[in-house]
2 protein chains.
Amino acid sequence: MILKSQVEWALHCCAILAGLPAGRYLSTKALAEFHGLPKEYLSKALQSLSQAGLVDTTLGPSGGYRLAKAPAELTFLDIVEAVEGNARTFVCNNIRANNPCRPLGYCESGPCAVARIMWEADEAWRQKLRSVRLSDLIETLSRDIPAELWKSSFEWVLERAG
Amino acid sequence: MILKSQVEWALHCCAILAGLPAGRYLSTKALAEFHGLPKEYLSKALQSLSQAGLVDTTLGPSGGYRLAKAPAELTFLDIVEAVEGNARTFVCNNIRANNPCRPLGYCESGPCAVARIMWEADEAWRQKLRSVRLSDLIETLSRDIPAELWKSSFEWVLERAG
DNA sequence: TCTATTAAGGATATAAAATATCCCTATTTC
DNA sequence: GAAATAGGGATATTTTATATCCTTAATAGA
Ligand code: SF4
Ligand code: SF4
């Protein structure tokens, strides 16, 4: 059970977009080049962000993506769910219905304890991701990444932003 | 990102095994029939439980599986990880290494903030599963399931336990 | 107006993982 | 000795993830 690599891509891309000056856009091409990713496939991840309303887009030369909200208004969960979907990791196949002892016509009322517990674990995962904002990530990254690299990356992006 | 259905199977089987009288075993055949599952494939899940040391097995007629520990000593996480593995859901492909601005020979020190946050969410999921014991599940089920069905299921199992 | 560039999205191909079955072996019970 | 069992290797099928290709409509700038 592993998340799509697009989740990582989307998170990185949002982190880059967060550093974009207001009103500017960054293209798929630039984002793919910066991260060393296949442009066409990364495009699908960015489309997911767009469909989820997390980013704004514009067409034409100098077109591309920018965040639709402030980094403090975007959570990890928003980004992860945009790409990965919001389905639960545990799906109940209702195997209890096969119990040979079950009275004919007996109908279970809602999910059993197994499902409820697994879903609570899913919710704990979501809650953690919901508690971290994109702005928190930027703050941590700015502390972790050498100032020199941080600066040159910022300039690299700015040169290509439309 | 969905858990294998074997996770559900393993949890259900452990719940059944928890009701087995001390020293008795229940076969794959009986567990498969009770849950309406493919015997050969369920067998793989039970083998996983066995390899993880969660259940004891014995061969021959009247052979099968029983819990290796008391239900209070078995957590959901034990069972889930036995079947699903203990890998993290977020794998870091180190795409930051492709950053064109990165100084030659520059070597990152450990996982970045993105990976750390995603791994914390994984840990929150695990922590939740670790906090629920098999005995807790049995207790809840015994309250949820109609007494009649609970009793007949118990008898069904007992008839087939070696 | 014309050209280049872009996001969106449909179609399709490839690779990997989950699901499922089959068969053989060693062990145990009777 | 015969029947039943877990273990496990080999293999097939189905589903999902990964990746590429191509067409369309919008936009910027010459
Ligand atoms: S016991 Fe729970 S998880 Fe299992 S089939 Fe029933 S509802 Fe689903
Ligand atoms: S930024 Fe973090 S998650 Fe992304 S590649 Fe680097 S270490 Fe991995």
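Note that the structure is predicted; figures quoted are calculated from it, not measured. In what follows, every chain begins at residue 1, and chains take the letters A, B, ... in the order their sequences are listed.
- Closest-nucleotide positions on DNA chain D for A:Tyr41 and B:Leu46 were compared, and the one nearer the 5' end corresponds to B:Leu46.
- Comparing C:dA8, D:dG8, C:dT6 against the side chain of A:Lys29 picks out C:dT6 as the nearest.
- B:Ser5 has a side-chain polar atom (N or O) that falls below the 4.0 Å cut-off from OP1 or OP2 of C:dT19.
- Nucleotide D:dT5 holds its P atom 15 Å from the CD atom of B:Gln47, rounded to whole Å.
- For A:Leu26 and C:dT5, the CG to P distance is 16 Å, given to the nearest whole Å.
- Where A:Ser27 and A:Met1 meet DNA chain C, the nucleotide closest to each residue was compared, and A:Ser27 sits on the side nearer the 5' end.
- As a whole-Å value, the separation of B:Glu40 CD from C:dT25 P is 16 Å.
- Between D:dA19 and A:Gln6, no contact under 4.0 Å exists linking OP1 or OP2 to a side-chain N or O.
- Here the side chain of B:Leu59 is nearest to one of C:dA11, D:dT5, D:dT18, namely D:dT5.
- When the side-chain nitrogen and oxygen atoms of A:Gln51 are compared with OP1 and OP2 of C:dG9, one or more of them lie within a distance under 4.0 Å.
- In this structure, B:Ser43 does not reach the D:dG7 phosphate: none of its side-chain N or O atoms is under 4.0 Å from OP1 or OP2.
- In this model, a donor atom of one side chain and an acceptor atom of the other lie less than 3.5 Å apart for A:Gln47 and A:Ser43.
- Of the listed nucleotides (D:dG8, D:dA19, C:dT19), C:dT19 has the atom at the smallest distance from the side chain of B:Lys4.
- Across all strands shown, A:Tyr25 has no heavy atoms under 4.0 Å from either base or sugar-phosphate atoms.
- One atom, CG of A:Asp56, and another, C1' of C:dT6, lie 15 Å apart when rounded to the nearest Å.
- A:Glu84 places its CD atom 12 Å from the P atom of D:dT16, with the value rounded to the nearest Å.
- Backbone-only contact: B:Thr58 has heavy atoms under 4.0 Å from sugar-phosphate atoms and none from a base.
- For the pair B:Ser62 and C:dC30, the criterion of a side-chain N or O lying under 4.0 Å from OP1 or OP2 is not met.
- A:Phe90 and A:Trp119 have perpendicular rings, their planes meeting at more than 60° on a 0 to 90° scale where under 30° would count as parallel.
- Nucleic acid contact class of B:Thr28 (heavy atoms, under 4.0 Å, all strands): sugar-phosphate only.
- At a threshold of 4.0 angstrom between heavy atoms, the contacts of B:Gly63 are confined to the sugar-phosphate backbone, with no base atom among them.
- Of the candidates C:dA7, C:dT21, D:dT20, C:dT21 carries the atom nearest the B:Pro38 side chain, counting heavy atoms from C-beta on.
- Distance from the side chain of B:Pro61 is smallest to C:dT28 among C:dT28, D:dG7, C:dT21.
- Looking at B:Arg96 and A:Glu8, no side-chain N of the basic residue comes within less than 4.0 Å of a carboxylate O on the acidic one, giving no salt bridge.
- Which of C:dG10, D:dG8, C:dA4 sits closest to the side chain of B:Lys44 comes down to D:dG8.
- For B:Thr57, the listed nucleotide lying nearest its side chain is D:dA6; candidates were C:dA20, D:dT20, D:dA6.
- Atom-to-atom, CZ of A:Arg66 to C1' of D:dT27 comes out at 14 Å; the value is rounded to the nearest Å.
- As judged by a 4.0 angstrom heavy-atom cut-off over every strand, A:Gly162 is placed among residues making no nucleic acid contact.
- For the pair A:Leu31 CG and C:dT6 P, the interatomic distance rounds to 12 Å; values are reported in whole Å.
- When the options B:Leu74, B:Leu67, B:Leu54 are evaluated for a side chain to side chain contact (heavy atoms under 4.5 Å, CB included) with B:Leu17, the one that passes is B:Leu67.
- Ion pairing between a basic and an acidic side chain is recognised when a charged N comes within 4.0 Å of a carboxylate O; B:Glu33 and B:Lys29 show no such pairing.
- To the nearest angstrom, P of C:dA7 lies 13 Å from CG of A:Leu49.
- Ion pairing of B:Glu123 with B:Arg130 is present here, as a side-chain N (NZ or NE/NH1/NH2) and a carboxylate O approach within less than 4.0 Å.
- Ionic pairing of A:Arg126 and A:Glu81 is present here: one or more N-O contacts between side-chain nitrogen and carboxylate oxygen are shorter than 4.0 angstrom.
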